[in-house]
Engineer: 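Supplied in structure tokens, the structure appears directly below.
Labels below follow one simple rule: chain letters A, B, ... track the order of the sequence lines, proteins then strands, and each chain is numbered from 1.
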There are 2 protein chains.
Amino acid sequence: MEIHLPHLDSVFSTDCVIFGFEAGELKVLLIERNEEPFKDWYALPGNIVGPDESVDAAAQRILYELTGLHDLPMRQFHTFGEVNRHPQGRVVTIAYFALIRIGGQKDLMPITQYARKAFWHPVNDLPTLAFDHTEIFKRAFKKIRAKLNYEPIAFELLPEKFTLTQLQSLYEAVLSKQLDKRNFRKKMLSYGFLKELAEKQKGVSYRAAKLYKFDRRKYAKIFQNEIAS
Amino acid sequence: MEIHLPHLDSVFSTDCVIFGFEAGELKVLLIERNEEPFKDWYALPGNIVGPDESVDAAAQRILYELTGLHDLPMRQFHTFGEVNRHPQGRVVTIAYFALIRIGGQKDLMPITQYARKAFWHPVNDLPTLAFDHTEIFKRAFKKIRAKLNYEPIAFELLPEKFTLTQLQSLYEAVLSKQLDKRNFRKKMLSYGFLKELAEKQKGVSYRAAKLYKFDRRKYAKIFQNEIAS
DNA sequence: ACAAAAGTGTTAGGTGTACACCCATGT
DNA sequence: ACATGGGTGTACACCTAACACTTTTGT
């Protein structure tokens with residue numbers, strides 16, 4: 001076929017909004033940039049998509065290069081297409097989010113020189129970020145707040161074994177509101193996808209709480225009607 | 001600043017999934033392509049985004065050029081970034097959907113030669129579409145089915161004045177299931193955002209139904225808490 | 001013994017769902 | 001008069017939200 005695409009000096013990038021939960025606070029993964037533009041600024045991990053990789057694959061690669069994290073279940077949530085969002089030219093960015101356990105992957109370590117460091121920052125009281133990353137972050141935050149109520153994303157943020165109080169404090173942190181302890185427990189347990197373990201919490205100076213884990217298999221069974229589409 | 005973006009021979013496009021409701025059926029707006037690739041195929045209205053326009057603006061322009069429709073409230077819902085989705089090179093597409101009243105804008109008329117014609121097609125029993133447009137359509141359809149339950153999108157599809165039976169048959173068409181008439185009416189009216197008009201249906205050979213219209217102002221008042229973010 | 005968090009039930013109000021008949025109108 | 005869709009109420013099951021005290025454990 002002899003027809004060619006128009007040449008446009010345009011590129012796409014991906015930006016990743018990675019959430020974690022630590023010390024009762026919701027946090028987001030930032031990098032300190034080591035390249036122009038916005039050198040020395042804080043930013044979301046993001047970079048240009050290569051010509052021979054899918055956007056989904058690029059998001060994985062770029063996150064790895066900038067933070068050392070790999071194989072996260074990232075989900076695209078919005079594409080930002082304003083003409084002047086990047087100072088050097090036309091860059092449309094496809095934004096992704098993911099939620100992870102901070103404890104599990106503590107080794108944040110940029111692989112390339114684009115980032116000087118990668119670190120967790122509480123979502124409240126974020127500094128101004130490079131590019132339009134503040135806007136991107138806000139949209140992601142809004143998205144996960146909404147999803148918390150109808151998808152089991154909370155368990156991606158918690159350790160594999162957790163107490164009901166930890167689960168509740170995560171909900172409270174994300175939603176920014178207090179919840180009733182009895183109602184919260186009743187409701188969570190009523191779903192039937194939490195598996196009570198024989199084990200208990202250790203190393204606390206008060207009555208140890210039962211540990212639970214999220215039973216993905218049961219969840220799938222319970223909600224298969226909704227998932228079918 | 002002397003730094004330049006890498007040159008990549010890549011472009012972005014937008015594709016629009018426009019839904020309409022007519023004769024008790026949900027329909028989608030297609031074009032018949034008049035250019036390679038996929039000349040003579042049916043496709044969603046879509047084309048390349050220009051270098052100096054935002055992606056949102058491009059979606060409006062392109063829809064207008066291919067179908068004659070303008071100023072629709074289009075909403076981005078997903079970006080398709082596979083490497084080989086376009087036979088001529090790397091094209092990432094940002095997909096939009098909108099819902100409109102078919103009656104109001106009957107004059108479908110391509111402005112450019114890219115499309116030979118534009119027409120409504122029932123969503124059930126769609127032919128195979130160009131590119132990955134079948135996949136794009138499916139995702140849009142899934143999205144509006146979900147949204148129907150928590151956003152007032154139904155009223156974008158109906159004429160300004162409608163009967164409760166029309167509203168119900170729209171819900172039934174989109175969700176592909178029967179609803180209980182009494183419960184449906186009770187629920188809709190209980191929201192308080194439907195304004196009962198003095199007027200009645202005309203030209204029917206049976207008891208004429210009351211006409212209602214969607215009161216956007218009341219809706220906003222009722223749901224301002226949810227909308228606030 | 002005290003401090004700290006774990007754990008536990010009941011009630012009242014509201015919401016979703018199932019279900020069947022008479023009414024108004026045009027022909 | 002008849003055919004067609006318009007319009008209406010009740011009962012039961014379930015879910016939500018409000019609310020406070022006892023129990024366990026480590027120090």
Engineer: Report the distance from atom CD of B:Q201 to atom P of C:dT25, rounded to the nearest whole Å.
Structural biologist: 12 Å
Engineer: Do B:T14 and B:Y96 have side-chain heavy atoms sitting under 4.5 Å apart?
Structural biologist: yes
Engineer: Specify the separation, in whole Å, of atom CZ of A:R182 and atom C1' of C:dG7.
Structural biologist: 10 Å
Engineer: Specify the separation, in whole Å, of atom CG of B:L194 and atom P of D:dG7.
Structural biologist: 13 Å
Engineer: To the nearest Å, how far apart are B:Y191 OH and C:dG16 C1'?
Structural biologist: 11 Å
Engineer: Across the strands shown, which category fits A:T165 at heavy-atom distances under 4.0 angstrom: base, sugar-phosphate, nothing?
Structural biologist: sugar-phosphate
Engineer: Per the atom types in the model, does the base of D:dT25 pair as donor or acceptor with the side chain of A:K200 at under 3.5 Å?
Structural biologist: no
Engineer: From D:dC19, C:dA4, C:dC19, pick the nucleotide closest to the side chain of B:N183?
Structural biologist: C:dC19
Engineer: CD of B:Q166 versus C1' of D:dG6: gap in Å, rounded?
Structural biologist: 13 Å
Engineer: Quick check: on DNA chain C, is the nucleotide nearest A:Y206 upstream (toward 5') of the one nearest A:D180, or the reverse? Name the residue that is more 5'.
Structural biologist: A:Y206
Engineer: Begin with the C-alpha distance, continue with both residues' side-chain angles, and end with the deciding distance and a verdict on side-chain contact (heavy atoms from CB on, under 4.5 Å) for B:L157 and B:L26.
Structural biologist: CA-CA 9 Å; B:L157 289 165; B:L26 190 66; 4.2 Å; yes
Engineer: When you measure from the side chain of A:K181, which nucleotide among C:dG7, D:dT8, D:dG6 comes out closest?
Structural biologist: C:dG7
Engineer: Please determine whether a side-chain nitrogen or oxygen atom of A:R185 lies at a distance below 4.0 Å from atom OP1 or OP2 of C:dT8.
Structural biologist: no
Engineer: Taking any heavy-atom pair under 4.0 Å as a contact, classify B:K210: base, sugar-phosphate, or nothing.
Structural biologist: sugar-phosphate
Engineer: How close or far is atom P of D:dT8 from atom CE of B:M188, stated in whole angstroms?
Structural biologist: 16 Å
Engineer: CG of A:L167 versus P of C:dA5: gap in Å, rounded?
Structural biologist: 18 Å
Engineer: Any salt bridge between B:E199 and B:K161, counting N to O under 4.0 Å?
Structural biologist: yes
Engineer: Rounded to whole angstrom units, what separation is found between the CZ atom of B:F184 and the P atom of D:dG6?
Structural biologist: 12 Å
Engineer: Using a strict threshold of under 4.0 Å (side-chain N to carboxylate O), is an ion pair present between A:E156 and A:R101?
Structural biologist: no
Engineer: Of the listed nucleotides (D:dG7, D:dG9, C:dT27), which one gets closest to any side-chain atom of B:R207?
Structural biologist: D:dG7
Engineer: Are side-chain heavy atoms of B:F137 and B:V28 found at a separation under 4.5 Å?
Structural biologist: yes
Engineer: Could a donor-acceptor pair under 3.5 angstrom be found where the side chain of A:K186 meets the base of C:dT10?
Structural biologist: yes
